[in-house]
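Single-structure report; data block below.
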Amino acid sequence: MPELPEVETTRRGIEPHICGKIVDEVIVRQPQLRWPVPSLLADRLVGNAILSVNRRAKYLLIAIDGGTMIMHLGMSGSLRMVTADTPPGKHDHVDICFQESVLRFHDPRRFGAVLWVDGDPMGHKLLQQLGPEPLSGAFDGEYLHRLARGRKSAVKTFLMNGHVVVGVGNIYANEALFQAGIHPKTAAGKISINRYERLVEAVKAVLTEAIKQGGTTLRDFTREDGKPGYFAQQLNVYGRGGANCLVCGGVIKEIRLGQRSTFYCSNCQN
DNA sequence: AAATTCTCCTGAAGGC
DNA sequence: TGCCTTCAGGAGAATT
C-alpha cells in the first residue's frame, strides 16, 4: 500500500514526465472513487500545461494555471506513465493524456481520489488542518510532547492522527514504536519528552530509509505493481505476530488498536 | 475538544 | 476445484 515514501517516490517518478506538458485529454472510466471525480476536471485541465508536481501528506498536488489537481492513492492506488496506445486494464479509472504519454490512475479498491481545487490548493478543506510533515523540522520531540499533554488515547493512535503529524501509516507507526521502545498502548499524555524525542527520531529514520528503498520502486515505476518489495524485508514487528523478536527473541504480540492491526514486543517495548 | 466507530471497496486468505 | 465468509486498511465523516 502506498505509504508516504511511496507517494514521494511516485511524485519524483512522474514529475519529469509531465512537468511542462500540455494536457490533451482527460478520460474518466470510473468516477466513483473515494469521492466522485469532479466532472469539471477535464475542462480545467485540457489545453493547460502542468506547472509543478508537489506533495503534502499523502496528497499529490499537480498544479496548472488556475488551480490544482489533487490525487490520493488511498490503499491500493498507483500512478503509471504509459504510452498512448496502452490498452486500459481493469481498475484503470482515470487517464491524463499528453501528446506522447498518459498518466494512468489505477486503483482496485477505489479508496483513492482525484479532485480539483481552484486557486491555492492549501485552501482546500482536505489540506487545511493537516499536521506537520514528519521529515520537517517542525516535527520534533518538544512539539509531540506538548501536543500530547492531557491526551489519553494510545500513543500509536495519536501518532497516526493526521492532525498531529501526516504520513505515518499503520506499518510505520508499528515500526517506529518498536524502534523507540515504546509500547503502542501507552497513553500519549504520559510519555516523557525524552521518549518523544526518541520516537521522532525513529519515525524520521524509518521513513527516510523507506524513501531510500523507494528508489527501487521508482526504477520499476512503469512495471506492473511491484508492491511487496521495498520494505518487507526489514520489518521488525509489522505482520510478525507470533514470531520471535529479532532483537530479544521474545514473541511478538498482535492486538487491535483503533481497528488497526498492532504489533509489538512486550519485552522491548514498555 | 477528544475519542470512538463507521464507511467506502476489492483481492487475498481461510474454511469446508 | 470452488463457493462463501472474513478481513485489511487511509482517513474523512458521523457519533458519542
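Each chain gets a letter, A, B and so on, in the order its sequence line appears, and its residues count up from 1.
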Problem set entry | Rounded interatomic separation in angstrom, taking CZ from A:R149 and C1' from B:dA3 | 20 Å

Exercise. Between C:dA8, C:dA11, B:dT10, which nucleotide gets closest to the side-chain atoms of A:S261?
Worked result: C:dA8

For this session: Name the nucleic acid region contacted by A:Y59, choosing base, sugar-phosphate or nothing; use a 4.0 angstrom heavy-atom cut-off, strictly under.
Result: sugar-phosphate

Exercise. Starting at CE of A:M75 and ending at C1' of C:dC7, how long is that distance when rounded to a whole Å?
Worked result: 11 Å

Exercise. Would A:F111 count as stacked on C:dA11 if the rule is ring centres under 5.5 Å and plane angle under 30°?
Worked result: no

For this session: Just compare B:dT5, B:dG11, B:dC9 and give me whichever is closest to any side-chain atom of A:R110.
Result: B:dC9

Seminar exercise, completed: Against the side chain of A:K58, the closest entry in C:dG10, B:dA3, B:dG11 is C:dG10

For this session: Using atom CG of A:L126 as one end and atom C1' of C:dA11 as the other, report the distance to the nearest whole Å.
Result: 10 Å

Seminar exercise, completed: From CD of A:E3 across to P of C:dA8 the rounded distance in Å is 16 Å

Exercise. For the residue pair A:P134 and A:V166, what are the closest heavy atoms and their distance?
Worked result: CD-O, 3.1 Å

Exercise. Charged N to carboxylate O below 4.0 Å: is that the case for A:E8 and A:R11?
Worked result: yes

For this session: Determine, for A:K212 against A:E209, whether the closest basic-nitrogen to carboxylate-oxygen distance falls under 4.0 angstrom.
Result: yes

Problem set entry | Atom pair distance, as rounded to whole Å: CZ in A:F263 and P in C:dA8 | 9 Å

Seminar exercise, completed: Taken to the nearest whole Å, CD1/A:I171 to C1'/C:dA8 is 11 Å

Exercise. So what does A:T157 touch, heavy atoms closer than 4.0 Å: a base, only the sugar-phosphate, or nothing?
Worked result: nothing

Exercise. For A:H163 and B:dT4, what is the distance between atoms NE2 and P respectively, to the nearest whole Å?
Worked result: 15 Å

Exercise. Taking 4.0 angstrom as the limit, do A:E133 and A:R55 come out as a salt bridge?
Worked result: yes

Exercise. Do A:T262 and A:R256 get their side chains close enough for a donor-acceptor pair, meaning under 3.5 Å?
Worked result: no

For this session: Determine the contact category for A:Q32: base if any of its heavy atoms lies under 4.0 Å from a base atom, sugar-phosphate if only primed atoms, P, OP1 or OP2 are that close, otherwise nothing.
Result: nothing

Exercise. NA contact type, A:R34, heavy-atom cut-off 4.0 Å: base, sugar-phosphate, or nothing?
Worked result: base

For this session: With heavy atoms under 4.0 Å as the rule, sort A:L73 into base, sugar-phosphate or nothing.
Result: nothing

For this session: Report which part of the nucleic acid A:R151 touches: base, sugar-phosphate, or nothing (heavy-atom distance under 4.0 Å, all strands).
Result: sugar-phosphate

For this session: Please check the phosphate of C:dG12 (OP1 and OP2 only) for any side-chain N or O of A:K125 closer than 4.0 Å.
Result: no

Seminar exercise, completed: Ranking C:dA11, C:dA8, B:dG11 by distance to the side chain of A:R256, first place goes to C:dA8

Exercise. Does any N or O donor sit under 3.5 Å from an N or O acceptor when you compare the side chain of A:R260 with the base of C:dG10?
Worked result: yes

For this session: Please determine if a side-chain N or O atom of A:H72 lies less than 4.0 Å away from the OP1 or OP2 oxygen of C:dG10.
Result: no

Exercise. Going by atom types alone, do A:D85 and A:T83 pair a side-chain donor with an acceptor below 3.5 Å?
Worked result: yes

Exercise. Rounded to the nearest Å, what distance is computed from the CE atom of residue A:M160 to the P atom of nucleotide B:dT4?
Worked result: 14 Å

